[in-house]
Asker: 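The following block contains the structure, expressed as structure tokens.
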Amino acid sequence: MAENSIRVRFAPSPTGMFHVGGARSALFNWALARQQPDGKFVLRIEDTDAARNKPEWTEGIIRALAWLGIHEQDPHFEGPYFQSSFADKHRETAQRLYKDGAAYYCDCTREQVQERRSAEGNPHLGYDGFCRDRGLEPGPGRALRFRVPDGGPTVVDDQIRGRVEFEHSAIEDFVIARADGSPLFVLANVVDDVEMGINEVIRGEEHLSNTPKQQLLWRALGRTPPRWAHLPVIVNEKRQKLSKRRDKVALEAYQAEGYLPEAMVNYLMLLGWSPGGDREIMPWAQMEPLFAISEVNSSSAFFDEKKLRAFNGEYIRSLSADEFVERCRPWLSADAAPWPPENYDDAVFRAIAPLAQSRIAVLSEITPNVDFLFLDAPVEDEKSWNKAMKPGVGEEMLTAALERFADPALEWEPEALKAALEETGAGLGLKLGKAQAPVRVAVTGRTVGLPLFESLALLGRERVQERLRAALAKLRAASRDTEG
RNA sequence: GCCCCCAUCGUCUAGUGGCCUAGGACGCCGCCCUUUCAAGGCGGUAACGCCGGUUCGAAUCCGGUUGGGGGUACCA
């Protein structure tokens, strides 16, 4: 291990979904690791909870990281390690701390502490150090507590926040191992970081209050603490930390909607950091060398999906035609698409795709744009229908169009179709904008969509005529109903 | 309650004492282009929370205040 090279870590606990905040954290860490020839990004799965120990959770994490561009095969990647596999080391370290006198056993129950504190009139204060000097031996019901130094503060030097002081009087003698000997997060985390030679810890702000405790632990272990950096939290519209219960935080959810990883990465990097120079849309390769942890903002950032969408649209438009088609594939597949799989025609899709590319902001929107080509009948959208098929326009226009389209001399290609519809519309005193509406709804089911004449050309004369006739029939049936 | 963090347009940010009558982006609103809708072009809306100081000069430094947020477990 190159002694001076950076060793950062990303230490998620497997919960079955990958949090966007975690994603940003991972990205920041990754950039730092990649900036140095021997820099390492260590993935450590914090699976100490038995309930959080499903193998598929871990696979999900690795898959999500790969989606972001953080690949296991990259030489800067190390791991994954599993916290659970270091359990012996954790217990051993707890014992060492006890033997050194840095920690002591305590048999106070939570209730006892509460009672004593209430008696003092300070019910909100934490543990009171009752067992500090009782010299308790290890035994059942006895947890191990860290002896926080009496006087003075612990100073945390944070790369983002600067110097943060915590008075020791405000830090209780915290538990580092439960009565059953199992270690707590605060200990396990430090032991692992020590073991893995982590020299820079970059994590969410919610860990800032753990930091003085951990720094004390590093010192008690005779080690130099890492450099710390606490990232601002990502918040929702109500300015609360994003929570998986109430907010859309799963990276997988965004992926499923058709957000491109490039766009997500770009957007996430901008949450708390900026490359400066009025630049925002910037590929990862350019950001990576520019990123500096000390430039990260210290105030919380709202996760603005609208802006993410805009970025995504930008990235979609920058795709080549072929790439765009490939990226759309998951939404066209038999199990995802709403049409009968046998109706799908790749050549037709390839022909229409470029027209859709500038019109969608997330990939999943490709489906409603092209479904009319592969569905047996267009979707029924009442609002569209009512808007386009107004009396005096709908029936007349459809009738005229049908008549015009029946002319075998009419070339079935966009330009000719446009001219034809312009002409039929003019015959009814309608501009093209008005004239095309009933035809569009009859053929595609919707009032908005891809350019109409290309759509008609691709659908083919017969199917267009068929749909026009069906629409007319529906219209006439409806008017008979109202008259009768 | 206690500890800690934070504070520039609605949002993400640029800004590190004079270049700021505060720049960009998203959003929103107009206009242009136009077969619908987008895309694109042009233009507009809108911010340094408040009060004191320091200074010849503060968005930038200091103190306070207010307002947000995070943490307060034998969770991670």
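Atoms considered below: every heavy atom in the structure, side chains included; atoms not considered: hydrogens, waters and symmetry mates. We name chains A, B, ... by the order of the sequence lines, and we start the count at 1 in each one.
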Asker: Measure the distance from NE2 on His230(A) to P on C4(B) and round it to the nearest whole Å.
Answerer: 15 Å
Asker: What is the base-pairing partner of G57(B), counting Watson-Crick and G-U wobble geometry with both distances under 3.5 Å?
Answerer: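 Because no pair has both required distances under 3.5 Å, G57(B) counts as unpaired.
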Asker: Going by side chain to side chain donor-acceptor pair (under 3.5 Å), name the pairs with one or both residues in residues 442-451 of chain A, residues two or more places apart or in two chains.
Answerer: Asp371(A)-Arg446(A)
Asker: Are OP1 or OP2 of G27(B) and a side-chain N or O of Lys306(A) less than 4.0 angstrom apart?
Answerer: no
Asker: To the nearest angstrom, how far is Arg203(A) atom CZ from C5(B) atom P?
Answerer: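 After rounding, the gap between these two atoms is 16 Å.
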Asker: I need the NZ-P distance between Lys383(A) and U36(B), as an integer number of Å.
Answerer: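 Going from NZ in Lys383(A) over to P in U36(B) covers 19 Å.
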Asker: Give Gly141(A) one of three labels, base, sugar-phosphate or nothing, depending on what nucleic acid heavy atoms sit under 4.0 Å from its own.
Answerer: base
Asker: In this structure, how many angstroms lie between the C1' atom of G24(B) and the CE atom of Met282(A), rounded?
Answerer: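 To the nearest whole Å, that distance equals 13 Å.
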Asker: Leu432(A) CG to C33(B) C1': how many Å, rounded?
Answerer: 15 Å
Asker: Taking distance alone, no hydrogens or angles, what donor-acceptor pairs closer than 3.5 Å link side-chain atoms of residues 392-402 of chain A to residues at least two apart or in another chain?
Answerer:
from	atom 1	to	atom 2	distance (Å)
Glu395(A)	OE2	Arg476(A)	NE	3.3
Glu396(A)	OE1	Val393(A)	N	3.3
Thr399(A)	OG1	Glu395(A)	O	2.5

Asker: Which pairs pass side chain to side chain donor-acceptor pair (under 3.5 Å) with one or both residues in residues 257-268 of chain A, sequence neighbours excluded?
Answerer: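 Qualifying pairs, neighbours excluded: Lys248(A)-Glu257(A), Tyr259(A)-Glu305(A), Glu262(A)-Arg327(A), Asn266(A)-Tyr315(A).
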Asker: Determine whether the side chains of Asn189(A) and Arg9(A) contain a donor N or O and an acceptor N or O closer than 3.5 Å.
Answerer: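 A pair is found: one side chain offers a donor N or O, the other an acceptor, under 3.5 Å apart.
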Asker: Would you jot down, in residue-number order, the residues of residues 172-194 of chain A having a non-hydrogen atom under 4.0 Å from RNA chain B?
Answerer: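 Hits under 4.0 Å, by residue number: Val175(A), Arg178(A), Ala179(A), Leu184(A), Phe185(A).
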Asker: So what's C26(B) paired with, Watson-Crick or G-U wobble, going by both distances under 3.5 Å?
Answerer: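 Result: G10(B).
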Asker: Name the pairing partner of A38(B), where a pair is Watson-Crick or G-U wobble with both distances under 3.5 Å, or state none.
Answerer: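 Base-paired to nothing in any strand shown.
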Asker: Just to verify, what does Tyr127(A) make a ring pair (Phe, Tyr, Trp, His ring centres under 6.0 Å) with, not counting sequence neighbours?
Answerer: none
Asker: Determine which nucleotide pairs with C75(B), using a 3.5 Å limit on both distances of a Watson-Crick or G-U wobble pair.
Answerer: none
Asker: In whole Å, what is the span from the CG atom of Leu456(A) to the C1' atom of U36(B)?
Answerer: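 Going from Leu456(A) (CG) to U36(B) (C1'), I get 12 Å.
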Asker: Can you tell me if Asp192(A) and His90(A) form a side-chain donor-acceptor pair at under 3.5 Å?
Answerer: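 Yes, His90(A) and Asp192(A) have a side-chain donor paired with an acceptor closer than 3.5 Å.
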Asker: Quick one: which of C5(B), A76(B), C26(B) gets closest to the side chain of Ser13(A)?
Answerer: A76(B)
Asker: Does the side-chain ring of His207(A) lie flat on the base of G71(B), meaning centres under 5.5 Å and planes less than 30 degrees apart?
Answerer: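 Stack criterion not met.
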Asker: Under the salt bridge (charged side-chain N to carboxylate O under 4.0 Å, His left out) definition, can you give me all pairs with a residue in residues 112-122 of chain A, not counting sequence neighbours?
Answerer: Arg116(A)-Asp128(A), Arg117(A)-Glu120(A)
Asker: What pairs of donor and acceptor atoms, side-chain ones from residues 451-461 of chain A against any protein atom, are under 3.5 angstrom apart with sequence neighbours left out?
Answerer:
from	atom 1	to	atom 2	distance (Å)
Ser455(A)	OG	Pro451(A)	O	2.8
Arg461(A)	NH1	Phe405(A)	O	2.8
Arg461(A)	NH1	Asp407(A)	O	3.1
Arg461(A)	NH2	Leu410(A)	O	2.6

Asker: Kindly write out the residues that satisfy side-chain contact (heavy atoms from CB on, under 4.5 Å) with Glu422(A), not counting sequence neighbours, or none if the list is empty.
Answerer: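 Glu422(A) satisfies side-chain contact (heavy atoms from CB on, under 4.5 Å) with Lys418(A), Leu432(A) only.
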Asker: Using the side chain to side chain donor-acceptor pair (under 3.5 Å) rule, collect all pairs that involve residues 225-235 of chain A, keeping only residues at least two apart or in two chains.
Answerer: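 Every pair satisfying side chain to side chain donor-acceptor pair (under 3.5 Å) with a residue in residues 225-235 of chain A: Asp158(A)-His230(A), Gln159(A)-Arg227(A), Arg203(A)-His230(A), Thr211(A)-His230(A), Gln215(A)-Trp228(A).
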Asker: OP1, OP2 of C4(B) versus side-chain N and O of Arg161(A): anything below 4.0 Å?
Answerer: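 Arg161(A) to C4(B) OP1/OP2: no side-chain N or O under 4.0 Å.
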Asker: Run the ring pair (Phe, Tyr, Trp, His ring centres under 6.0 Å) test against Phe349(A) and tell me which residues pass, sequence neighbours left out.
Answerer: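 Once residues adjacent in sequence are excluded, Phe349(A) has no partner under the ring pair (Phe, Tyr, Trp, His ring centres under 6.0 Å) criterion.
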Asker: Does the protein touch nucleotides 10-19 of chain B at the base, only the backbone, or not at all? Give it as B, S and - per nucleotide, heavy atoms under 4.0 Å.
Answerer: -SBSS-----
Asker: Enumerate the residues from residues 353-362 of chain A whose closest heavy atom to RNA chain B is under 4.0 Å, giving them by residue number; use none for an empty result.
Answerer: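 Ser358(A), Arg359(A), in order of number.
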Asker: Aromatic contact between Tyr104(A) and Tyr98(A), with the criterion being ring centroids under 6.0 Å apart: yes or no?
Answerer: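 Ring centres of Tyr98(A) and Tyr104(A) not closer than 6.0 Å.
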